[in-house]
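See structure below.
Computation of the quantities below employed the complete heavy-atom set of this structure, encompassing side-chain atoms and omitting hydrogens, waters and symmetry-equivalent molecules. Keep in mind it's a predicted model, so treat the numbers as computed, not measured.
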Amino acid sequence: MWVEHLSRYVGETVTLRGWVYHRTRKGKLVFLRFRDGTGICQCVVFKPNVSEEVFEHARSVTQESSVVVTGTVREESRAPGGYEIDVQDFQILHLAVDYPITPKEHGPDFLLKHRHLWIRSPRQAAILRVRAGVERAIRDFLDGNGFIEADAPILTPSACEGTSTLFELEYFDLGNAYLSQSGQLYAEALAMALGKVYTFGPTFRAERSKTRRHLTEFWMVEPEAAFFTLDDIMDMAEDMVEYIVQYVLRHHRRELEFLGRNLEKLEKVRRPFYRMSYTEAVEWLRQHDVKLHRKTPDGKEILVDFPWGEDFGAPQEEALMEQFDKPCIVHRYPAEVKAFYMKRDPEDPRVVLAMDMLAPEKGGEIIGGSQREDDYEALKQRILEHNLPLEDFQWYLDLRKYGSVPHSGFGLGIERTVRWITGVEHIRETIPFPRMLYRIEP
RNA sequence: UCCCCGGUAGCUCAGCUGGUUAGAGCGGGUGGCUGUUAACCACUAGGUCGGGGGUUCGAAUCCCUCCCGGGGAGCCA
């Protein structure tokens, strides 16, 4: 018997097992806010209706004690949620002593140190339910479109996009290994075997970033498909994001409402999204006077017109997105600022066939993807230009040696997507146990 | 790595232009109340003012330094 099914049992006597979330004592009455993971329900203990012992238990029970409650379900407009339990029996399974998180305000440091308990709070539970919904929607969408889930390794022998942001570890007698920062290269190999695939798992970035958009360990889904072009992958990214948002709206409306999310704005997330090329975006930034902070050689900070060739930072992306009420794909970035494996645009060799999807409402970059370089010589050249160890990429070059085909893929960050959809300020609340620059516990 | 802000009771904070014995609310405890929604009322316990050093007759308060945390930049999902 769970709280979420309570409305079906009006008038009946039920037994619930769970935890005491809050207690109010009022003479001969005790109000207990009870939770069992599926919902919260008020239990009312009235002294004349129960034994001396049961009343004393209810009166003295503490926050987060585990309990078994038996009573009659009734509709009650004064109760949060509309239903309450008129308690007949009340047992304490385990009495909690000095539970640290109270219904009042706490600071982020305190809450993160108690993350193992913080997740019991209704708000955190709601966010984690939405996260589960986002993951379910992704699998639903990809499985339904013929993509095969194929897991990439987490321990890898080399970097995917450069060595500056890798977590390094010793791998027995074989030297150094690294925690994967992307499953993409393996996804490409899998796509050559299975056609349409996706990897889904944790990725690791040893970036020393301290913002509300960054984690050192985060989850990413990376679809990769043989014979897909940049246009195909952009269409698919739009389809997928539309599906995720509408799925969560359908299945987790209650949680989103509880979190205070503006649902009308999410309803609008329907195809087609907006698109612009990098060059058009630079043009827009210049027209709207969005400058770039630059440091001069003598250390002074100056503002300059946004130069073509520079990568966008968060301030530029945010400025760009203020005009949009749904996501926008920016495509065809300068080759210099993007990864070695991205294919050059045959119509303009200064740019690569890459795309990022930016979410509105300060959601930021949620997707990065590209058409991959499928020519053996061109790819080898890129690896050398990026000063990457050629021997580590022999297997990857093999994919261009034995039946190379055009192919494309993208990665979608789970936590950033959850942050945008729920509207929570900080990414640390979108994963059960966040890993950040200065925080690895609990 | 760089820039800005902060660290005082279990929690959230006030006090900080130096000056008696360091405060409030919440939480805990005790008592009161049959409708509470972060209840309310009364009483009560609870502090090496982040660590170290310095200035001073006197430091939570000023200076130096280290540690810890928050926000942002860069980089990125």
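Among the protein residues, A:K210 comes within range of the nucleic acid bases, having at least one heavy atom under 4.0 Å from a base atom. Residue contacts for A:E415: at a heavy-atom cut-off of 4.0 Å it reaches no nucleic acid atom on any strand shown. Contacts of A:I367 with the nucleic acid, taken as non-hydrogen atoms under 4.0 Å apart, involve only primed sugar atoms and P, OP1 or OP2. In this structure, A:R123 reaches neither bases nor backbone, as no heavy-atom distance under 4.0 Å exists between it and the strands shown. Note on A:I366: only backbone sugar-phosphate atoms sit closer than 4.0 angstrom, heavy atoms only; bases stay farther off. Using a 4.0 Å heavy-atom distance criterion, A:R25 is classed as a base contact. Counting any heavy atom pair closer than 4.0 Å across all strands shown, A:Q63 reaches no nucleic acid atom. A:K28 comes within 4.0 angstrom of the backbone, heavy atoms only, and of no base. Residue contacts shown for A:H114 are absent, as no nucleic acid heavy atom lies under 4.0 Å away. Counting non-hydrogen atoms under 4.0 angstrom, A:P80 reaches a base of the nucleic acid. Using a 4.0 Å heavy-atom cutoff across all strands shown, A:D356 reaches no nucleic acid atom at all.
In this structure, B:A73 forms a base pair with B:U1, meeting either the Watson-Crick or the G-U wobble geometry with both donor-acceptor distances under 3.5 Å.
Applying the 4.0 Å criterion to OP1 and OP2 of B:U34, one finds that A:R78 has every side-chain N and O outside that range. Dashed line: the shortest gap from a side-chain N or O of A:R208 to OP1 or OP2 of B:U1 is under 4.0 Å. Not one side-chain nitrogen or oxygen of A:H106 sits closer than 4.0 Å to the OP1 or OP2 atom of B:C26. In this structure, A:R428 reaches the B:G71 phosphate: one of its side-chain N or O atoms is under 4.0 Å from OP1 or OP2. Distances shown here put a side-chain N or O of A:R439 below 4.0 Å from the OP1 or OP2 atom of B:G70.
Closest to the A:E365 side chain, of the nucleotides B:A77, B:U37, B:G72, is B:A77. Checked against B:G69, B:G71, B:C76, the side chain of A:H426 finds its nearest nucleotide in B:G71. The listed nucleotides are B:G35, B:G69, B:A77; the one nearest the side chain of A:E84 is B:G35. Listed nucleotides B:G35, B:G69, B:C76 differ in distance to A:V44; the shortest reach to its side chain belongs to B:G35. Of the candidate nucleotides B:G27, B:U34, B:G71, B:G71 has the atom lying nearest to any side-chain atom of A:R212.
Looking only at atom types and distance, the side chain of A:Y341 has a donor-acceptor partner in the side chain of A:Q184 under 3.5 Å away. A donor and an acceptor atom, one from each side chain of A:D140 and A:Y243, are located under 3.5 Å apart. A:D36 and A:T38 share a donor-acceptor pair across their side chains, judged by distance under 3.5 Å alone. Residues A:T72 and A:E12 have side chains that never bring a donor and an acceptor to within less than 3.5 angstrom of each other.
Stacking of the aromatic ring of A:F218 onto the base of B:A77 is found: the ring centres lie under 5.5 Å apart and the planes are inclined by under 30°.
Residue-to-nucleotide contacts include a donor-acceptor pair under 3.5 Å from the side chain of A:R74 to the base of B:G35. For A:K104 against B:G25, a side-chain-to-base donor-acceptor contact under 3.5 Å is absent.
For A:F324, the CZ atom is densely surrounded, since the number of other residues' heavy atoms within 6.0 Å is greater than 12.
The line from CH2 of A:W19 to NE2 of A:H94 is 13.0 Å long, rounded to the nearest 0.5 Å.
A distance of about 14 Å separates the P atoms of B:G18 and B:A60, rounded to the whole Å.
Between A:M436 and A:E310, the residue whose closest nucleotide on RNA chain B is further toward the 5' end is A:M436. Where A:F31 and A:K113 each meet RNA chain B at their nearest nucleotide, the meeting point lying more 5' is that of A:F31.
Remark: aromatic rings of A:F46 and A:F55 are distant, center separation not under 6.0 Å.
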